[in-house]
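In what follows, a single structure is set out as structure tokens and then discussed.
All heavy atoms count here, side chains included; hydrogens, waters and symmetry mates do not.
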Amino acid sequence: RSSDLRATYTEKNGGSAGQKLKGDSQTALFALGARYALGEAISLIGGIQQGMTPVAPDPGNTTSEPERALNYELGVRYADANGTFSFISFVSDDDRVVAPCDEQCASSMTGTYAGGRALITGTEVGGDYTVKLPSALTLPVRLAYTYTYAEFSDEFETDYVIWGGGDGRVDGGDLMPYVPPHQASFGSGLHFQERAGFDAQVTFMDRMREEAGQGALQTGRYTDRFALLELTVFWQALEKLRLYVKGENLKNNQPIVSRR
């Protein structure tokens, strides 16, 4: 796969208002996937692919190079007429993480902050299954869980507070901020011939560090752990018209999801 991304940044404030910065990123990426059937319903799957995240225009600054990563996946998948289930482990080897320049930048800065290498590993478990009930009713069940461990591999200094905290330093082995270790969701409902029904879902998000670091979380430097409940009711009014009513965060939780 080849990509050619071009972007223009126009300064709106300050003495340099109206100044335009342009960036151009050309990248060729490869991907390779494989599947081996162990039977009619079970397969081993795996893959390797390059990833790239473009950054804001920053002419004359080496930080305008895109973020690149090599991603690996390996797992097992089950699928039949009633549903699917998968268990997949992943590794992402990032050669240099980048972050967009925001309100923390000096007035003369645009573009991005650049950091060192990072390694992200984890596991994804997910599935959906439909249970057939009497009277043309069906009971859909869905679940998903992701475990993620993300750390910086290099030691470096930075002005980006979210990475470097108060001393502007990141050590190898520091956990990356704003990466929840655990995420999960579970949903189910009751459908009548796909003409009417309801679905409920609970989504869970674990605490996240708000600064890179190691060891126990420090008070005031991590987000809240929370769960949200949502409910959807639908009715197939016409062949090509389905009406929905959806309620989100029905328990009116108000967690802190970010302080920055």
Side-chain angles (χ1 to χ4, degrees), residues 41 45 51 53 71 73 75-90 92 99-100 102-103 120-150 162 175-211 217-260:
I45 55 176
T53 302
N71 307 306
E73 290 185 338
V76 60
R77 177 174 293 159
Y78 173 88
D80 64 18
N82 294 317
T84 63
F85 178 81
S86 61
F87 183 98
I88 300 174
S89 293
F90 60 88
S92 181
D102 54 21
E103 68 276 2
I120 299 96
T121 62
T123 299
E124 296 178 341
V125 180
D128 61 86
Y129 199 80
T130 301
V131 181
K132 295 182 179 180
L133 301 174
S135 303
L137 296 173
T138 56
L139 177 70
V141 179
R142 306 174 304 279
L143 64 87
Y145 168 77
T146 302
Y147 168 75
T148 308
Y149 182 87
I162 294 178
L175 298 181
M176 298 180 68
Y178 290 106
V179 178
H182 304 281
Q183 302 176 72
S185 66
F186 174 80
S188 186
L190 193 63
H191 296 180
F192 175 69
Q193 296 181 343
E194 294 302 319
R195 294 172 56 187
F198 71 89
D199 286 286
Q201 179 164 303
V202 177
T203 302
F204 169 80
M205 182 75 71
D206 202 1
R207 293 169 175 165
M208 298 182 288
R209 291 177 178 272
E210 294 194 288
E211 293 180 3
L217 296 172
Q218 300 181 28
T219 302
R221 296 186 180 180
Y222 59 85
T223 64
D224 290 340
R225 177 186 292 129
F226 64 89
L228 300 178
L229 173 64
E230 65 180 52
L231 178 66
T232 303
V233 178
F234 71 88
W235 175 50
Q236 192 74 39
L238 300 172
E239 180 180 356
K240 296 184 179 181
L241 176 64
R242 175 172 288 191
L243 303 178
Y244 291 89
V245 175
K246 183 176 183 180
E248 298 181 338
N249 192 18
L250 295 181
K251 297 192 68 176
N252 195 30
N253 293 343
Q254 299 180 28
I256 294 176
V257 297
S258 175
R259 291 182 176 86
R260 305 183 186 280

| Is there a side chain to side chain contact (heavy atoms under 4.5 Å, CB included) between Leu250 and Leu231 once you walk through the steps? | CA-CA 8 Å; Leu250 295 181; Leu231 178 66; 3.7 Å; yes
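- With a 6.0 Å radius and a threshold of 12 heavy atoms from other residues, nucleotides or ligands, Arg195 has its CZ atom at or below the threshold.
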| field | Working for side chain to side chain donor-acceptor pair (under 3.5 Å), residues Asn71 and Ser92 | value | CA-CA 4 Å; Asn71 307 306; Ser92 181; 2.7 Å; yes
| request: Test Phe198 against Leu190 for side chain to side chain contact (heavy atoms under 4.5 Å, CB included), laying out the working first. | output: CA-CA 6 Å; Phe198 71 89; Leu190 193 63; 3.6 Å; yes
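- No side-chain donor-acceptor contact under 3.5 Å links Asp224 to the backbone of Phe226.
- Taking the side chain to side chain contact (heavy atoms under 4.5 Å, CB included) definition, one finds that Thr219 meets it with nothing, sequence neighbours left out.
- Taking the six-membered ring for Trp, His191 and Phe234 have ring centres closer than 6.0 Å.
- Nearest heavy-atom pair, Thr123 versus Phe87, reported as atom, atom and distance to 0.1 Å: CG2-CZ, 3.6 Å.
- Among residues two or more places apart in sequence or in another chain, the salt bridge (charged side-chain N to carboxylate O under 4.0 Å, His left out) test is passed with Arg225 by Asp206.
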| request: Go through the steps for Leu229 and Asn249 under the test side chain to side chain contact (heavy atoms under 4.5 Å, CB included), then give the verdict. | output: CA-CA 5 Å; Leu229 173 64; Asn249 192 18; over 6 Å; no
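- Taking CD1 from Ile120 and CZ from Phe90, the interatomic distance works out to 8.5 Å, rounded to the nearest 0.5 Å.
- In this structure, the separation between CG on Asp128 and OG on Ser86 is 9.0 Å, given to the nearest 0.5 Å.
- Taking 4.5 Å as the limit, some side-chain heavy atom of Arg77 sits within range of a side-chain heavy atom of Ile88.
- Residues satisfying the side chain to side chain contact (heavy atoms under 4.5 Å, CB included) test with Tyr178, not counting sequence neighbours, are Ile162, Met208, Glu210, Thr223, Ser258, Arg260.
- In this structure, the side chain to side chain contact (heavy atoms under 4.5 Å, CB included) partners of Arg221, at least two apart in sequence or on a different chain, are Glu211, Gln218.
- Both the sub-6.0 Å distance and the 45° axial angle are not jointly satisfied by Arg209 relative to the ring of Tyr222.
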Sequence neighbours excluded and cut-off under 3.5 Å, please list the side-chain donor-acceptor pairs for residues 132-150, or say none.
unit_1: Arg142; atom_1: NH1; unit_2: Asp199; atom_2: OD1; d: 3.4
unit_1: Tyr145; atom_1: OH; unit_2: His182; atom_2: ND1; d: 2.6
unit_1: Tyr149; atom_1: OH; unit_2: Glu151; atom_2: OE1; d: 3.1

| Test side chain to side chain contact (heavy atoms under 4.5 Å, CB included) applied to Gln201 and Thr232, step by step | CA-CA 9 Å; Gln201 179 164 303; Thr232 303; over 6 Å; no
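- Residues passing the salt bridge (charged side-chain N to carboxylate O under 4.0 Å, His left out) test with Lys246, sequence neighbours excluded: Glu230, Glu248.
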